[in-house]
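Taking it in order: structure first as structure tokens, then the write-up.
All values below were derived from every heavy atom in this structure, side-chain atoms included, with hydrogens, water molecules and symmetry-related copies excluded.
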Amino acid sequence: MFDSRSPVIKIAGYAIVGFFVLVIIISFGMPDFMSRLGMDKSIVAVINGEKIHQLDFLRYRDSVSQRVPDINSKEMQHYILDSMIRYRLQLQKAHQLGIGVSDARIKRVIREMPMFRDETGKFNRQHLNLFLDHYHLSLNDYYVMVREDLINEEMVRMIQSGTGASRDEIVTGGAVENSRIQIRYCYASNTELRKRWAASLKVSDAEIDGELAANRSEIKDPKTDRQRIKAKLEDRKFEVKKKEITGEIDRLSLEGGSFERAAARLGGSVRASSVFKVGEPVREAGGKGNILYSLNESPLFVSDCLSLKSGSTSRVIASFDGLYVFTPVQKEVPFREPAAAQYEAMEMKLRNEKTNAVYINMMTAFLEKSKVSKNLNFD
């Protein structure tokens, strides 16, 4: 899962699972002005009592300079410090769990690094010395870095060794990955429906008078009362009309009626979606069609999309912008054991997802009890 032979990793530390933990670290690592009072300017952070000195930070920063743009900007230095904090917190957790590595393993790992071998493939001490000189490191400094990197790796391996994926999970994951779904949908916007029903939505003066007489609390401003009550009654009639058409189409759906009949009753425009996988957002057809949020966020769509027969209409999905009905035109969800290569890839994918989930949960609990202070003066 991780390449322990990478020279950059040996210097820069071990950043895992990135975004989610970084967000947590940033929230815990906001400037603590009280704790910074009197802090030594050579200390850039204190993590549960452990101090990160400026020299360590500069080594880390220089080691990632080739991969990070605008390395000297204040924003990027803050980002790099957050990365260091994430690494140290993980190391502290590993020590808490009692994880360690032997000196013999550290020596073996260093001797097996390709960058320290000569043309014959043998370890070359001169290559190691040049590397240490370039990064201004002593051999002991480098041993410490390699040890810490290996300890962090061991913690991840420990989590990974306790995770796995069953055959059923792999088959299901493969079915999702290889699924292909497409729908046709009919959409009638509220604006379109109001225009179509304009005649039946009209409100008479007698209706306005009746509403004001029945609800004296509605009388507030004689200049605007009638217009406000008129709009209110129009909205009420509009909602009644929508409930009527929704009820008709829902009954049609329960009887197994066709999408064509439902679309004709609803009116509006009929379109096809782009092809999507299970769990992916439904989009309008086209290269980068807009996401159909009203469908994606509808529990009815999620529950009925795969169970509905092609050509049969769904029930009405009422959204803030209008009414939808749909029918699937393509439903390919192959529940069969994937080929060997895909089976192995899916197993690793599921295993890594579980590893990351366990890691995030574990580190989140640790972070909630941690104390992180940052001295943000990089001038």
Show which side-chain atoms of residues 254-263 pair as donor or acceptor with protein atoms under 3.5 Å away, not counting sequence neighbours.
residue: Ser258; atom: OG; partner: Arg261; partner atom: N; Å: 3.2
residue: Glu260; atom: OE2; partner: Arg184; partner atom: NH1; Å: 2.8

Between [X] and [Y], does any side-chain donor sit less than 3.5 Å from a side-chain acceptor?
X	Y	result
Gln160	Asn352	yes
Gln126	Asp118	no
Gln227	Lys230	no

Taking Ala357's backbone N and O only, do any of them form a donor-acceptor pair with Asn361's side chain (distance below 3.5 Å, no angle check)?
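Yes.
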Does Val240 sit in a hydrophobic cluster with other residues, and if so which ones, taking ILVMFWY side chains as linked at heavy-atom separations under 4.5 Å, directly or through other members?
none
Identify, with sequence neighbours excluded, every residue that meets side chain to side chain donor-acceptor pair (under 3.5 Å) alongside Lys202.
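Partners of Lys202 under the side chain to side chain donor-acceptor pair (under 3.5 Å) test: none.
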Just jot down the side chain to side chain donor-acceptor pair (under 3.5 Å) partners of Asn129, sequence neighbours excluded, or say none.
Arg125
Roughly how far apart are Ile249 CD1 and Arg265 CZ, rounded to 0.5 Å?
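Between Ile249 CD1 and Arg265 CZ, I get 6.5 Å after rounding to 0.5 Å.
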Check whether more than 12 heavy atoms from other residues, nucleotides or ligands sit under 6.0 Å from atom CZ of Arg180, and answer yes or no.
no
Set of residues satisfying side chain to side chain contact (heavy atoms under 4.5 Å, CB included) with respect to Ser307, sequence neighbours excluded:
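With sequence neighbours excluded, Ser307 shows a side chain to side chain contact (heavy atoms under 4.5 Å, CB included) to Asp304, given in chain and number order.
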Lys NZ or Arg CZ of Arg194 over Phe238 ring: under 6.0 Å, within 45°:
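Yes, Arg194 and Phe238 form such a contact.
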Among residues two or more places apart or on two chains, list those pairs meeting ring pair (Phe, Tyr, Trp, His ring centres under 6.0 Å) that have a residue in residues 172-192.
Tyr187-Tyr324
Scanning both residues in full, the closest heavy-atom pair of Ser314 with Leu308 reads N-CD2, 3.6 Å
How close do Glu234 and Leu201 get, counting heavy atoms only, and between which atoms?
CG-O, 3.4 Å
